[in-house]
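Only this structure's heavy atoms are used, side chains among them; waters, hydrogens and symmetry mates stay out.
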2 protein chains.
Amino acid sequence: MREEIAIFNECAKRKGLKSTSQRALILKTFLGSTSHYSTEELYLKIRKNNPKIGYATVHRALKLFAECGIATELDFGDGQTRFEPLRGDQHHDHLVCTSCGSIIEFTEPKIEELQELVAAKYGFKINRHRHELYGICANCTAIASN
Amino acid sequence: MREEIAIFNECAKRKGLKSTSQRALILKTFLGSTSHYSTEELYLKIRKNNPKIGYATVHRALKLFAECGIATELDFGDGQTRFEPLRGDQHHDHLVCTSCGSIIEFTEPKIEELQELVAAKYGFKINRHRHELYGICANCTAIASN
DNA sequence: TTAAAAATGAAAATGATATTCAGAAAGTAA
DNA sequence: TTACTTTCTGAATATCATTTTCATTTTTAA
């Protein structure tokens, strides 16, 4: 978290941005969670303790975090863009439970390698990718079989 | 194409839908292309020869095709839902060129297998997935290096 | 042919995201 | 500090794809 704040501050400085209490609060709340927040969700969470903060401010901050490389935008097809803190650790993809909405992160280096081979076959240069598996998580399966 | 029309007709019958010339035209145009149409694009294409057809009709038809299992909804993150004819053949994923917008379909059974292994590890049941590789296609790379 | 049900197309509604704008706050230089 | 410039904020509004409404037309079954 310290590191992400440092990265953001460096980026903000480079862009000539000013530092404000609102943005600091949004950043802290965002980094201090393991959730995959939509703008709406983060806005509501922050609003509980800071009723004066505006939706647009949260929205702008999240877009800014993505620009500065400390957040990734996710789209799980429910019409809401989500944001995830992008820590220094390795890339991961997602299992998305369509029943309860829970998200499991996974990594599979072999898949990444195969992706590269596929791209190479077509002379295609991959910049980024999206790999999401939608279905029912173990917990929901257990509940359903009761 | 014949087969998809049959599948659709069966589905329409099951749903108690009536058959109309508009829907037949939309279906024919949709199946007779290899494109990945957005509603807008298909609407404009059809409109050239049939200026009376409405946007909403095209939209409703595409959603219906997806429901009946002869089309897949795609989202390449450009804010437009695209539709692809889902033929009897095997599942495929996509390489999306962010420079020219071209789309290459690929299949890699080994990735599919690995996906299943990942899911199994978490007791997760996959219903569907999305795997897209974004980058620059061979053609655009060639153009850029001129 | 007629009545019931569904389809169409234009217009309006919806909902997430993005922008505008006036006032507030932060940074800068003296 | 003060004056000045730039950015930020928050409310309201705009945008844009998608969806729905509704009056009218078309299809279908009896």
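- What separates CZ of A/R82 from P of C/dA16 is a distance of 11 Å, to the nearest Å.
- As a whole-Å value, the separation of A/L62 CG from C/dA16 P is 15 Å.
- Under the 3.5 Å distance criterion, with hydrogens and angles disregarded, no donor-acceptor pair is assigned to the side chains of A/E132 and B/H131.
- Comparing B/K52 and B/G16 along DNA chain C, the residue whose closest nucleotide (by nearest heavy atom) sits nearer the 5' end is B/G16.
- Atoms CD (B/E41) and C1' (D/dA17) sit 13 Å apart, rounded to a whole Å.
- For the pair B/L27 CG and C/dT8 P, the interatomic distance rounds to 12 Å; values are reported in whole Å.
- Atom CG of A/N50 is separated from atom C1' of D/dC8 by 16 Å (rounded to the nearest Å).
- Remark: of the listed residues B/I53, B/L27, B/N50, B/I53 is the sole one forming a side-chain contact (heavy atoms from CB on, under 4.5 Å) with B/Q22.
- Regarding B/E73, its CD atom lies at a distance of 16 Å from the P atom of D/dA17, rounded to whole Å.
- Place A/L64 and A/P51 on DNA chain D by their nearest nucleotides, and A/L64 ends up nearer the 5' end.
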Checklist line | Contact state string [nucleotides 19-30 of chain C, B base, S sugar-phosphate only, - no protein heavy atom under 4.0 Å] | finding: BB-----BS---
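- In this structure a side-chain-to-backbone donor-acceptor pair under 3.5 Å is present from A/T98 to A/G135.
- Among the protein residues, A/Q80 comes within range of the sugar-phosphate backbone only, with heavy atoms under 4.0 Å from sugar or phosphate atoms but none that close to a base.
- B/I5 has its side chain out of reach of B/K28: every pair of non-hydrogen atoms, C-beta onward, lies at least 4.5 Å apart.
- Residue B/Y55 contributes atom OH, which lies 14 Å from atom C1' of C/dA11 at whole-angstrom precision.
- The salt bridge (charged side-chain N to carboxylate O under 4.0 Å, His left out) check on A/E4 picks up nothing, with sequence neighbours excluded.
- Taking the six-membered ring wherever Trp is involved, the centroid distance between the rings of A/F8 and A/F65 falls below 6.0 Å.
- Each of A/V58, A/I26, A/T57 was evaluated against A/Y43; a single residue qualifies, A/V58, per the side-chain contact (heavy atoms from CB on, under 4.5 Å) test.
- Per the geometry, CD1 belonging to A/I26 stands 8 Å off P belonging to D/dG10, to the nearest Å.
- Residue B/K63 places at least one side-chain N or O under 4.0 Å from the OP1 or OP2 atom of D/dT19.
- Residue A/Q22 has no polar side-chain atom (N or O) positioned under 4.0 Å from OP1 or OP2 of D/dC8.
- Within the nucleic acid shown, A/T81 comes within 4.0 Å of sugar-phosphate atoms alone, with no base atom in reach, counting heavy atoms only.
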